[in-house]
Structure formats: structure tokens, C-alpha cells
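Everything below concerns the one structure shown next.
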Amino acid sequence: MPGRKHVAPLLTVLFALAAAGCGQRPVVQFNNTVATSANKIQAAVKRFRDNVTGGDQAVNLAEVKAAEKNLGAAVAEAKKEFAAVAVPSASAAKEVAEVFRRILGQQEEALKKEYPELIHLLEDPDLPPARRDVRIQGVLRPVLQQTGVLMTELQDAQQKFARENNISLKPPS
């Protein structure tokens, strides 16, 4: 889409380095489960966004639908994995968990409303391309902005959690 505005890139949620003490293992596991899940969701959101907007190429509706399905699977898997991990009792852990639950909820809501609306716009043969592009950006931009805000909140909560638990964080390899 020519002239489209880019939304800030998504952040990478960091992984905790393996801690020496056995008491740190649940803390590291909790952090890494959230980090893995958040990063998978981010990658799936990016793939969906790139397929919906097409970049310099024509939009391929089959790829958009596949990206939406992949995003739904990433959210469902993240929800399942998060439910299986214990949230440490520290207040910062509860904050990480609360923000991550909001991310899951926001993506589930987008999968019900905004993402299908985007596909509908792409499927509409009567919608002129310029008008379609404007409407797509009108639907997509707020979702991506909210995702970015929540991911920033998650990263901030994660940093606080790491300080509180004396763990080091590193980017995914």
C-alpha cells in the first residue's frame, strides 16, 4: 500500500538466564513461558500485518487467511502454556501475569472482530483499492498500537520482575 504509515516495531520480550539456585527455577520458567508466548504472538501479528498490507506486493488473500489462522493458533497455544505455569507470588510476577492476560484478551478480541473485518475488506470486490487501503489502516492501526502499548507494558513489568528476583534477561537467540 503506497503511502502507508508504519507502526512502531513490536518489542522482543526477553528470556531469563538460567539461575544457579533451584529456588529460581520456577521464576525463570514463568518468565520464559511468558517471553516465548509473547514473542510467538508478536511474530504472528507481524506476519498477519505484513500479509494484510502486502508491502510492495499484491495482497494474497489465501496468505492473509493462513496468517490469521496462525495467529489464532499462537494465541491459543500461549493461553494453554500460560495456564500450565505457576505465577510466582511476588507482586511483579502478578503484574507480568496481568499484562500478559490483557495481551491474550486483546488478541482474542481482535481475532473475533478486527481481523475478520480486515479479511472482509480484502474480499470486497466493490470496494475501490484506495478506499479499501484507508479502511484497512483504520481498522489495523488501532489494533497494532494497542498491541504495541501492551507489549511495552509487558516488557516494563518483566524488567521489574527480573530486578525483584535478581535474574538477568537476554534477548532470544
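The chain is numbered in sequence order, starting from 1.
Look at R135 and E117 and you find no salt bridge, because none of the NZ, NE, NH1 or NH2 atoms lies under 4.0 Å from a carboxylate O. A salt bridge links E123 with K65; the closest basic N to acidic carboxylate O contact falls under 4.0 Å. Taking a cutoff of 4.0 Å between a charged side-chain nitrogen and a carboxylate oxygen, E108 and K79 qualify as a salt bridge. The existence of a salt bridge linking D50 and K46 is confirmed by a sub-4.0 Å separation between a basic side-chain nitrogen and an acidic carboxylate oxygen.
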CA sep, side-chain torsions, deciding dist, call: I119, V64, side-chain contact (heavy atoms from CB on, under 4.5 Å):
CA-CA 7 Å; I119 290 171; V64 172; 3.8 Å; yes

side-chain contact (heavy atoms from CB on, under 4.5 Å) between V59 and V52, worked out:
CA-CA 6 Å; V59 172; V52 165; over 6 Å; no

Salt bridge (charged side-chain N to carboxylate O under 4.0 Å, His left out) for E164 and K160? Distances and angles first, verdict last.
CA-CA 6 Å; E164 194 174 281; K160 181 179 173 183; 5.7 Å; no

Verdict with reasoning, E95 to E153, per side-chain contact (heavy atoms from CB on, under 4.5 Å)
CA-CA 9 Å; E95 185 179 343; E153 286 180 26; over 6 Å; no

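One side chain, T147 or Q106, offers a donor N or O that lies under 3.5 Å from an acceptor on the other.
Not a single donor-acceptor pair under 3.5 Å links the side chain of N70 to the backbone N or O of A66. One N or O on the side chain of D124 and one on the backbone of D126 form a donor-acceptor pair closer than 3.5 Å. At least one donor-acceptor pair closer than 3.5 Å links the side chain of N51 to the backbone N or O of R47.
Linking Ile, Leu, Val, Met, Phe, Trp and Tyr residues whenever their side-chain heavy atoms come within less than 4.5 Å places L61 and L111 in a single cluster.
Using the six-membered ring where Trp is involved, F30 and F82 have ring planes that are tilted, between 30° and 60° apart.
With respect to Y115, the side-chain hydrogen bond (donor to acceptor under 3.5 Å, both in side chains) criterion is satisfied by exactly one of H120, E68, E109, Q107: Q107.
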